[in-house]
Amino acid sequence: QSALTQPASVSGSPGQSITISCTGTSSDVGIYNLVSWYQQHPGKAPKFMIYEVNKRSSGVSVRFSGSKSGNTATLTISGLQAEDEADYYCCSYAGSSTFVFGTGTKVTVL
Amino acid sequence: EEQLAESGGGLVKPGGSLRLSCSSSGVTFSSYSMNWVRQAPGKGLEWVSSISSSSGYISYADSVKGRFTISRDNAKKSLFLQMNSLTAEDTAIYYCARDLSLSIDVWGQGTTVTVSS
């Protein structure tokens with residue numbers, strides 16, 4: 001049950017695109033197309049953004065997209081906006097009704 | 001839309017116990033598996049435990065196995081987490097969260113547990 005690996009921080013200027021990687025193993029990310037992404041602003045509960053690798057949750061901007069290759073999932077934020085500044089976490093189903101979260105990435109809008 | 005509300009957090013001494021509750025406002029609570037997820041101060045999210053809709057299947061993170069017990073009461077649309085033998089490492093915000101077909105979607109606002117002497 002080791003945490004998925006994410007970069008500690010990613011930054012970009014308004015309007016740019018950024019990517020956040022989420023690396024797991026063949027026991028979680030690599031075997032299940034059940035990767036979710038969450039946005040968390042300070043002092044708030046996580047917000048459900050992406051599920052099943054690339055499906056957007058209701059009401060989530062099309063600027064957010066997900067993908068996966070092998071043991072690594074990726075969240076892409078296009079047209080970066082000031083309100084996107086937050087912490088982002090990936091999560092994968094890991095079998096036997098267990099889940100594993102990523103280490104988290106702080107996104108800074110320059 | 002389903003809303004979740006946790007309660008029961010507080011300050012407890014090391015070695016002590018605490019029982020968290022989560023109340024659902026949705027009419028379909030009994031149809032979903034539920035989870036507890038925690039977040040230590042300044043740290044990331046950690047999955048803690050899961051329980052299936054009928055309580056037939058339960059799982060725990062290694063870090064809490066043998067100390068925490070998850071349960072639910074579908075008639076009262078409530079989820080519980082009994083926490084025993086608490087240590088400082090259990091200090092965190094505890095979130096109740098719904099499992100939508102193996103994706104955790106709806107989250108409560110969390111309840112804070114502080115383990116300190």
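Residue numbers start from 1 in every chain, and the chains themselves are labelled A, B, ... in the order their sequence lines are given, proteins ahead of strands.
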Distance in Å, [X] [atom1] paired with [Y] [atom2], rounded so as to fall on 0.5 Å steps:
X         : Y         : atom1 : atom2 : answer
Phe99(A)  : Leu102(B) : CZ    : CG    : 5.5 Å
Ser103(B) : Phe48(A)  : OG    : CZ    : 5.0 Å
Glu52(A)  : Leu100(B) : CD    : CG    : 8.0 Å
Ser96(A)  : Tyr57(B)  : OG    : OH    : 4.5 Å
Gln39(B)  : Asp87(A)  : CD    : CG    : 8.0 Å
Trp107(B) : Lys44(A)  : CH2   : NZ    : 16.0 Å

Practice problem: Tell me the residues of residues 62-96 of chain B whose non-hydrogen atoms fall below 4.5 Å from those of chain A, in number order. | Solution: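 Hits under 4.5 Å: Asp62(B), Tyr95(B).
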Self-check item: Side chain, backbone, both or neither of Tyr38(A) within contact of chain B (heavy atoms, under 4.5 Å)
Solution: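 Just the side chain, heavy atoms under 4.5 Å.
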Would [X] end up clustered with [Y] when hydrophobic side chains under 4.5 Å apart are linked, directly or stepwise?
X         : Y         : result
Leu4(A)   : Tyr93(A)  : no
Ile51(B)  : Val100(A) : no
Ile50(A)  : Val53(A)  : yes
Val107(A) : Val35(A)  : yes

Quiz prompt | Residue list, side chain to side chain contact (heavy atoms under 4.5 Å, CB included) with Thr25(A), at least two apart or on another chain | solution = Ser27(A), Asp28(A)
Quiz item: Tell me, do Phe101(A) and Val37(B) make a side-chain contact under 4.5 Å, heavy atoms counted?
Solution: yes
Quiz item: Are Pro46(A) and Leu45(B) close enough that some pair of their side-chain heavy atoms sits under 4.5 Å apart?
Solution: yes
Quiz item: Do Ser59(B) side-chain atoms and Ser97(A) backbone N/O form a donor-acceptor pair below 3.5 Å?
Solution: yes
Quiz item: Does any heavy atom of chain A fall under 4.5 Å from the side chain of Ala61(B), the backbone, both, or neither of them?
Solution: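 Interface part for Ala61(B): both.
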Quiz prompt | Residue part contacting chain A, namely of Ile104(B), when any heavy atom lies under 4.5 Å | solution =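 Both backbone and side chain.
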Practice problem: Tell me, out of Tyr32(A), Tyr89(A), Tyr51(A), who's got the most heavy-atom pairs with chain B below 4.5 Å. | Solution: Tyr89(A)
Exercise. Test side-chain contact (heavy atoms from CB on, under 4.5 Å) on Thr98(A) and Trp47(B) and set out the steps.
Key: CA-CA 8 Å; Thr98(A) 67; Trp47(B) 173 81; 3.7 Å; yes
Quiz item: Among Gly110(B), Ser33(B), Ser52(B), Gly44(B), which has the most heavy-atom pairs under 4.5 Å with chain A?
Solution: Gly44(B)
Quiz item: What's the shortest heavy-atom distance between Ala45(A) and Gly108(B), and which atoms?
Solution: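 Heavy atoms only, the tightest pair is CB-O, 3.3 Å.
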